[in-house]
Asks: 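The structure is given below, and queries will be raised subsequently.
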Amino acid sequence: MQMPVPNPQVLARKAAIVARLRAVLPSDGVIDDPTETRAYECDALSAYRCAPLAVVLPRTTAEVAAALRVCHQEGVPVVPRGAGTSLAGGSMPSEDAVVLGIARMNRVLEVDLANRFVRVEAGRTNLAVTGAVEGDGFFYAPDPSSQLACAIAGNIAMNSGGAHCLKYGVTTNNLLGVTLVTMAGEVIEIGGPFADAAGLDLLGVICGSEGQLGVVTEATLRILPRPEGARPVLIGFDANEVAGACVADIIRAGVLPVAIEFMDRPCIRATEAFAHAGYPDCEALLIVEVEGAEAEIAEQLGLIRQIAARHDPVEFREAQSEDEAKKIWLGRKSAFGAMGQINDYMCLDGTIPVSALPRVLRRIGELSAAAGLDVGNVFHAGDGNMHPLILYNANTPGDLERAERLGADILKLCVEVGGCLTGEHGVGIEKRDLMGVQFAPEDMEAQMRVKDVFDPRWLLNPAKVFPLAVSAGRRG
Amino acid sequence: MRPETEAQLAEAIRDAAGPIRVVGGDTRPVGRIAGVPALETGALRGVVLYEPAALTLVVRAGTTLAEVEAVLAAEGQRLPFEPMRWGSVLGTAGESTIGGVVAANVSGPRRVQAGACRDSLIGVRFVDGTGAVVKNGGRVMKNVTGYDLVKLMAGSWGTLGVLTELAFKVLPKAPAEVTLVLPDLGAGAAVAALSAALGSPYDVTGAGWMPGVGAVVRVEGLNDSVTYRAGKLAALLARFGEVREERAGSPALWQSLGEAAPLKSQTGDLWRFSLKPSEAPGVIARLAGPVVLDWGGGLIWAVVPEGCDARTLAAPFSGHATWMRGPGAGAFAPEAAPVVALSAGLRARFDPRGILNPGRMG
Ligand SMILES: Cc1cc2nc3c(=O)[nH]c(=O)nc-3n(C[C@H](O)[C@H](O)[C@H](O)COP(=O)(O)OP(=O)(O)OC[C@H]3O[C@@H](n4cnc5c(N)ncnc54)[C@H](O)[C@@H]3O)c2cc1C
């Protein structure tokens, strides 16, 4: 992975820069010992790593602003970091960068049930946001699988999604406001516990900007009353096409499940061997979850059963108890882990129009055979967000590169059928060089102008999102 | 000017000698701009792609809202955010276009459950102030590739670019709906009831208040489910006074509420407040004039005496207010200096000559 040449002046001034940071932060808030900065060398895209210049761990917005002002004056790149679970290399540093970790800022600042929002510090984990309100019957809807670990700050930066976004939307649809610190150290309140922006929707472009526009220190999030109940069904099919057609029919019928998950045969087999969830041995299966009170669940499942019956499912399994519901989800939730047991894997997340599903799965099969690498597919079928998992062996020379080439081919395929490179993981460094497949130069130019406004010197997470050649003139 | 293709539009903007007023149906003339030649989008019309099974609609910006609604209705679907027309309350005559809906980020009562216009918008094409054609987002629901200019364009009132094509996530029309009416409640007292309804697990899709009707709460969905939830809600809301059930009249009621129809014949200036719902009762009391509430009290339409500064009258509240029907200047709420600076920076880069709807947003 190509990264810009580190700024030699910054490297040369390391001691002075660290001293200046120490002067504005508490003593335990600045780390520069290489053994201690090791934990910040990479995120969950662990094939790529780099030791940063230093790491700062502020506890307040004022400390974040102070640290940024020092870095701004010194011309030091800053890489904001939440929990480091990015799968795209979003929080991977460079040698001349200061990592600004937000994890110590994790307090709940305000819970307002009447107006249905919470305000938290952005280092709080996703699950702990729900934790703060679930006793009162509320929850925070976006639920990435990494929710136990990932921070709200990272969710905002990546506009993360989850299994239930078909009904509840992704981060941007549940975010009401942020406290943002610019690279120059200015603290700005954007949005708040009310609907819509007074002027331009800056919040809308901050969400999903991958830590390139400012450091988010606090967030106002919409919370929702927890539904009375939920139940999954598992439907097995003997062909991917048939499963795909069933998804389309369910959506057409006007039932709106909260989740429709899809697994193909390679993934089902791997998962079964690993998690023993008792899945049928079939070509494709769907997990469809509906919500509501008992009678409402019955009404929706009745419809879904009718629709599925038209597609001759090899199995239709309705959870009869809490235990059986867990078992249905067990396989899906351990799919990544299961694939990881077989080999190292690379997780893609391109999105495709749902109608292109059969064609894309067929083509992925061909590409996988040609590359000699196995691919399992598990994904959010309701919204077309694919998660092809490419298996490779990191210890075999050349295997990672082969997997990356196959990954790039699959993502190009997603764009070709009308979809996109990434549905929820973000571009980071991983998909940076594929941006030109989806966007014309003017499209990228328009996006980069936004960064010009928020961070004119391009110091915040500068080597991400845009191909290096495209951003070269701006990065100075 | 009335370009017929995106290329013609781009050329018109490149060649423009001075300011342009971008016009869809001209039904939402907020923050009026006088004496500037109009650029009409009405000839850029038609459906580009509609895949009901993928819940996706792509349409040109000058297509009328009525046509979009008809195309979707033919397949039993609809725009989730229930965009309302402002024609009657603003006294404008034209046909609303979908581009205008997006430019003003117009969202109706269902916003409380299905999100705003910007939340259903998944892709845009637009021509910026230099005449460059830009696309962002796409036609799929989940997409985090690059920055989200889709959200930035929604509600930018044509000041960053002229929208040419829009992609939406659409939803099936619910087979059934029921509205509960609480006739005894005044506007201020209604807010607590609306808040209780929205805080319940019964998936409320509308919560407002109208003069002459009272507080209203809507549920939509499959038949049995709607009946069940309406029953539960009626029990929950009983402590606020009498609760009546309305089925047949429900759609008309919400159309009227969304359009703030009861305020159309009231003389005075019309304001639209977006605020924290629990602050609504205080604001309503201080405004002391006719109001319509939507979004559980998070949206107040209010009529105040002509020329009266409603923001000062209503203070304090957290949120913002737009002067919808009045003299025009200062229609949009003043923002904090750093936000103003960022917004001005964006406009300067997307429209360096400052020709697109100059002054419209203040
Ligand atoms: C096992 C596993 C499962 C996953 N499942 C999902 C899933 O279901 N859905 C999904 O969407 N993602 C998923 N992810 C990806 C990842 O968890 C998300 O991208 C998550 O939002 C990252 O959060 P984080 O706190 O770990 O961020 P980090 O990895 O620390 O950072 C991510 C990005 O955010 C920026 N950033 C961090 N903090 C700030 C801040 N304070 N201000 C501004 N920018 C900041 C960083 O610079 C970086 O670009 C998964 C990851 C793993 C490892």
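Here is how names work: the chains are called A, B, and so on, in the same order as the sequence lines, proteins then strands, and each is numbered from 1. On a predicted model such as this, the values are computed, not experimentally measured, just so you know.
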Asks: Contact part of A:Lys167 toward chain B, heavy-atom cut-off under 4.5 Å: side chain, backbone, both or neither?
Replies: side chain
Asks: Considering only heavy atoms, which portion of B:Ala154 lies under 4.5 Å from any heavy atom of chain A: side chain, backbone, both, or neither?
Replies: backbone
Asks: Please classify the contact of A:Ile250 with chain B as side chain, backbone, both or neither, using a heavy-atom distance under 4.5 Å.
Replies: neither
Asks: Could you tell me which portion of A:Phe117 (side chain, backbone, both or neither) has an atom closer than 4.5 angstrom to a non-hydrogen atom of chain B?
Replies: side chain
Asks: Which bit of A:Val417 comes within less than 4.5 Å of chain B, counting heavy atoms only: side chain, backbone, both or neither?
Replies: backbone
Asks: At a heavy-atom separation under 4.5 Å, does B:Ala336 approach chain A through its side chain, its backbone, both, or neither?
Replies: neither
Asks: Within a strict 4.5 Å, meaning less than it, do heavy atoms of the A:Gln438 and B:Asn143 side chains meet?
Replies: yes
Asks: Kindly determine whether A:Val427 and B:Tyr147 satisfy side-chain contact (heavy atoms from CB on, under 4.5 Å), including the steps that lead there.
Replies: CA-CA 10 Å; A:Val427 178; B:Tyr147 293 175; over 6 Å; no
Asks: Compare every heavy atom of B:Ser200 with every heavy atom of A:Pro225, then report the nearest pair and how far apart it is.
Replies: CG-O, 3.0 Å
Asks: Please report the interatomic distance CG(B:Leu342) to CG(A:Leu200), rounded to the nearest 0.5 Å.
Replies: 10.0 Å
Asks: Using heavy-atom distances under 4.5 Å, tell me whether A:Arg222 contacts chain B through its side chain, its backbone, both, or neither.
Replies: side chain
Asks: So which part of B:Lys169 gets closer than 4.5 Å to some heavy atom of chain A, the side chain, the backbone, both or neither?
Replies: side chain
Asks: Side chain, backbone, both or neither: which part of B:Leu222 has a heavy atom under 4.5 Å from chain A?
Replies: both
Asks: Let me confirm one number: the NZ-CD distance from B:Lys135 to A:Glu442, rounded to the nearest 0.5 Å.
Replies: 8.0 Å
Asks: Pick one of side chain, backbone, both or neither for B:Ser107, based on which atoms fall under 4.5 Å of a heavy atom in chain A.
Replies: neither
Asks: Name the region of A:Ala197, side chain, backbone, both or neither, that has any atom closer than 4.5 Å to a heavy atom of chain B.
Replies: backbone
Asks: Let me confirm one number: the CD-OH distance from A:Glu228 to B:Tyr202, rounded to the nearest 0.5 Å.
Replies: 4.5 Å
Asks: Find the one option among A:His425, A:Gln212, A:Met444, A:Glu189 whose heavy-atom pairs under 4.5 Å with chain B are most numerous.
Replies: A:Gln212
Asks: Roughly how far apart are A:Ser355 OG and B:Leu49 CG, rounded to 0.5 Å?
Replies: 8.0 Å
Asks: So for A:Asp452, is it side chain, backbone, both, or neither that comes closer than 4.5 Å to the heavy atoms of chain B?
Replies: both
Asks: If you compare all heavy atoms of B:Asn105 against all heavy atoms of A:Asp196, which two are closest, and at what distance to 0.1 Å?
Replies: ND2-OD1, 3.5 Å
Asks: Among the options A:Arg432, A:Glu210, A:Lys451, A:Lys431, pick out the one with the most heavy-atom pairs lying under 4.5 Å from chain B.
Replies: A:Lys451
Asks: Quick check against the 3.5 Å criterion: does A:Glu299 have a side-chain atom that pairs as donor or acceptor with the backbone of B:Asp224?
Replies: yes
Asks: Among B:Met361, B:Met141, B:Arg118, which residue has the highest count of heavy-atom pairs closer than 4.5 Å to chain A?
Replies: B:Arg118
Asks: Under a 4.5 Å heavy-atom cutoff, which of B:Thr56, B:Asp128, B:Leu171 has the most pairs with chain A?
Replies: B:Asp128
Asks: Pick one of side chain, backbone, both or neither for A:Val205, based on which atoms fall under 4.5 Å of a heavy atom in chain B.
Replies: both
Asks: How long is the gap from CG on B:Leu152 to CG on A:Leu203, to the nearest 0.5 Å?
Replies: 11.0 Å
Asks: By a 4.5 Å heavy-atom criterion (distance strictly below it), what part of A:Arg449 contacts chain B: side chain, backbone, both, or neither?
Replies: both
Asks: Using heavy-atom distances under 4.5 Å, tell me whether B:Ser278 contacts chain A through its side chain, its backbone, both, or neither.
Replies: both
Asks: Report the C-alpha distance between B:Val140 and A:Asp383 in whole Å, list the side-chain angles of each, state the deciding distance to 0.1 Å, and finish with yes or no for side-chain contact (heavy atoms from CB on, under 4.5 Å).
Replies: CA-CA 7 Å; B:Val140 288; A:Asp383 51 36; over 6 Å; no
Asks: Is it the backbone or the side chain of B:Phe317 that comes under 4.5 Å from a heavy atom of chain A, or both, or neither?
Replies: neither
Asks: For A:Phe194 and B:Lys276, work out which heavy atoms get closest and say how close.
Replies: CB-N, 4.1 Å
Asks: Please determine whether side-chain contact (heavy atoms from CB on, under 4.5 Å) holds for the pair B:Val144 and A:Thr172, giving the CA-CA distance in whole Å, both sets of side-chain angles, and the decisive distance to 0.1 Å.
Replies: CA-CA 10 Å; B:Val144 296; A:Thr172 189; over 6 Å; no
Asks: What part of A:His380 gets within 4.5 angstrom of chain B, counting heavy atoms only: side chain, backbone, both, or neither?
Replies: side chain
Asks: Using non-hydrogen atoms and a 4.5 Å limit, figure out which bit of B:Leu299 sits close to chain A: side chain, backbone, both or neither.
Replies: neither
Asks: Minimum heavy-atom separation for A:Phe138 to B:Gly199, with atom names?
Replies: CZ-O, 3.9 Å
Asks: Contact part of B:Asn223 toward chain A, heavy-atom cut-off under 4.5 Å: side chain, backbone, both or neither?
Replies: both
Asks: A side-chain contact here means heavy atoms from C-beta on lying under 4.5 Å apart; do B:Leu346 and A:Val450 qualify?
Replies: yes
Asks: What option among B:Val339, B:Leu149, B:Asn136, B:Leu198 has the most heavy-atom pairs under 4.5 Å with chain A?
Replies: B:Leu198
Asks: Grab the two heavy atoms, one from B:Gly146 and one from A:Met435, that are nearest each other, plus how far apart they are.
Replies: CA-CE, 3.8 Å
Asks: Name the region of B:Glu279, side chain, backbone, both or neither, that has any atom closer than 4.5 Å to a heavy atom of chain A.
Replies: neither
Asks: Of the listed residues (B:Met153, B:Arg347, B:Gln77, B:Lys232), which shares the most heavy-atom pairs with chain A below a 4.5 Å separation?
Replies: B:Arg347
Asks: What part of A:Asn385 is in contact with chain B, defined as an atom under 4.5 angstrom from a non-hydrogen atom: side chain, backbone, both or neither?
Replies: side chain
Asks: Given that the side chain runs from C-beta out, which part of A:Ile188 has a heavy atom under 4.5 Å from chain B: side chain, backbone, both or neither?
Replies: side chain
Asks: Can you say whether A:Pro353 sits under 4.5 Å from chain B via the side chain, the backbone, both, or neither, judging by heavy atoms?
Replies: both
Asks: Ignoring hydrogens and geometry, is there a side-chain-to-backbone donor-acceptor pair from A:Thr422 to B:Thr145 under 3.5 Å?
Replies: no
Asks: Could you tell me which portion of B:Val133 (side chain, backbone, both or neither) has an atom closer than 4.5 angstrom to a non-hydrogen atom of chain A?
Replies: backbone
Asks: Where on B:Ser343 is there a heavy atom nearer than 4.5 Å to chain A: the side chain, the backbone, both, or neither?
Replies: both
Asks: Supply the atom-to-atom distance B:Arg139 CZ to A:Ile352 CD1, rounded to the nearest 0.5 angstrom.
Replies: 10.0 Å
Asks: What part of B:Val58 gets closer than 4.5 Å to chain A, counting heavy atoms only: side chain, backbone, both or neither?
Replies: neither
Asks: Counting only N and O atoms by type, is there a donor-acceptor contact under 3.5 Å from the side chain of B:Ser195 to the main-chain atoms of A:Ala114?
Replies: yes
Asks: A:Gln300 versus chain B, heavy atoms under 4.5 Å apart: side chain, backbone, both or neither?
Replies: both
Asks: May I ask you to name which of B:Ala132, B:Pro175, B:Ser318 has the most heavy-atom pairs under 4.5 Å with chain A?
Replies: B:Ser318
Asks: Do B:Ser156 and A:Asp201 come within less than 4.5 Å of each other through their side chains, counting heavy atoms only?
Replies: no
Asks: Where does B:Leu160 contact chain A at under 4.5 Å (heavy atoms): side chain, backbone, both or neither?
Replies: side chain
Asks: Search all heavy atoms of A:Ala195 against all heavy atoms of B:Trp295 and return the closest pair with its distance.
Replies: CB-CZ3, 3.6 Å
Asks: Name the option with the most non-hydrogen atom pairs under 4.5 Å to chain B; the candidates are A:Val354, A:Ile251, A:Asn174, A:Leu224.
Replies: A:Ile251
